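One structure is given here, and the rest of the page talks about it.
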Amino acid sequence: QVQLVESGGGLVQTGGSLSLSCAASGRTVIRNAMGWFRQAPGKEREFVAAVSWSGTSTDSTDSVKGRFTISRDNAKNTVYLQMNSLRPEDTAIYYCAARVGVVISRNERDYSYWGQGTQVTVSS
């Protein structure tokens with residue numbers, strides 16, 4: 001079993017930055033691809049970014065390219081999402097997820113473990 005705990009959410013103005021962290025515990029997740037997803041009010045959960053187990057391969061949705069960066073530190077069992085140039089449309093609950101597999105995926109059904117989420121609110 002894997003436990004994921006997100007932190008770093010909060011309220012920020014348009015153009016500001018936030019850094020999210022996801023700490024994993026329990027069964028090792030070193031060889032798991034990790035992802036960030038988000039869910040805005042009244043909308044379905046959507047893919048944001050993912051990183052391979054080695055950290056050398058990443059993917060992100062078009063709307064965050066050039067603004068968000070995903071990374072991981074396997075020594076700390078932690079995944080990060082650095083969010084810059086935030087916009088009101090980035091407002092959502094952000095979830096960290098781990099999949100049983102090393103290859104990154106945009107499909108949330110490929111992820112077996114989920115954190116409880118952290119709220120990110122961007123004011124205009």
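Keep in mind that the numbers below use all heavy atoms, side chains included, and drop hydrogens, waters and symmetry copies. Since the structure is predicted, the reported quantities are computational estimates derived from the model, not experimental observations.
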*With sequence neighbours excluded, give me every salt bridge (charged side-chain N to carboxylate O under 4.0 Å, His left out) pair touching residues 59-70.*
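Checked against salt bridge (charged side-chain N to carboxylate O under 4.0 Å, His left out) - neighbours excluded - the pairs reaching residues 59-70 are Asp59-Arg106, Arg67-Asp90.
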
*Which salt bridge (charged side-chain N to carboxylate O under 4.0 Å, His left out) pairs, counting each pair once, include a residue from residues 107-124, with sequence neighbours left out?*
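Salt bridge (charged side-chain N to carboxylate O under 4.0 Å, His left out) check on residues 107-124 returns Arg45-Glu108.
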
*Under the side chain to side chain contact (heavy atoms under 4.5 Å, CB included) test, residues paired with Val102 that sit two or more places apart*: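 Side chain to side chain contact (heavy atoms under 4.5 Å, CB included) list for Val102, sorted by chain: Arg31, Trp53.
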
*For Thr58, which residues count as a side chain to side chain contact (heavy atoms under 4.5 Å, CB included) partner, sequence neighbours excluded?*
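Once residues adjacent in sequence are excluded, the partners of Thr58 under the side chain to side chain contact (heavy atoms under 4.5 Å, CB included) criterion are Val51, Ile70.
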
_For a 4.5 angstrom cut-off between non-hydrogen side-chain atoms, does Asn32 reach Arg99?_
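They are not in contact (no side-chain heavy atoms under 4.5 Å apart), so the answer is no.
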
*Would you mind reporting whether Thr69 and Tyr80 have side-chain heavy atoms less than 4.5 Å apart?*
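No. Closest side-chain heavy atoms not under 4.5 Å.
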
*asked:* Distance check, rounded to the nearest 0.5 Å: Arg38 atom CZ versus Thr61 atom OG1?
replied: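 If we round to the nearest 0.5 Å, Arg38:CZ and Thr61:OG1 are 7.5 Å apart.
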
*Value rounded to 0.5 Å, distance of CG in Asn77 from CE in Met34*: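 Answer for the CG-CE pair, Asn77 versus Met34, is 8.5 Å.
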
*Hydrophobic cluster mates of Ile104, side-chain heavy atoms under 4.5 angstrom, ILVMFWY only, any path?*
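ILVMFWY cluster around Ile104 holds nothing else.
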
*Phe47: hydrophobic cluster co-members (side-chain, 4.5 Å)*: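 Traced through the cluster, Phe47 reaches Phe37, Ile93, Tyr95, Tyr111, Trp114.
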
Scan [range] for pairs that pass disulfide bond (SG atoms under 2.5 Å apart), counting only residues two or more places apart or in two chains.
range          : result
residues 43-94 : none
residues 46-83 : none
residues 39-81 : none

*Okay, side chain of Gln39, backbone of Ala92: is any donor-acceptor separation there less than 3.5 Å?*
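Not at all, since once roles are kept as given, no pair shorter than 3.5 Å links the two residues.
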
_Donor-acceptor contact present, side-chain Thr91 to main-chain Val122, <3.5 Å_ =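 Pair found, side chain donor or acceptor close to backbone of Val122.
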
*For Glu89, salt bridge (Lys or Arg N to Asp or Glu O under 4.0 Å) partners two or more places apart*: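 Residues passing salt bridge (Lys or Arg N to Asp or Glu O under 4.0 Å) with Glu89: none at all.
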
_Ser52: side chain to side chain donor-acceptor pair (under 3.5 Å) partners, not counting sequence neighbours_ =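 Here the qualifying residues are Ser54.
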
Would you mind writing out the side-chain donor-acceptor pairs for residues 9-24 within the sub-3.5 Å range, not counting sequence neighbours?
residue	atom	partner	partner atom	Å
Thr14	OG1	Ser123	O	2.8
Ser17	OG	Asn84	OD1	2.9
Ser19	OG	Gln82	OE1	3.4

*asked:* Ignoring hydrogens, what is the shortest heavy-atom contact between Ala98 and Leu4? Give both atom names and the distance.
replied: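 Between these two residues, the closest heavy atoms are N-CD1, 3.7 Å.
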
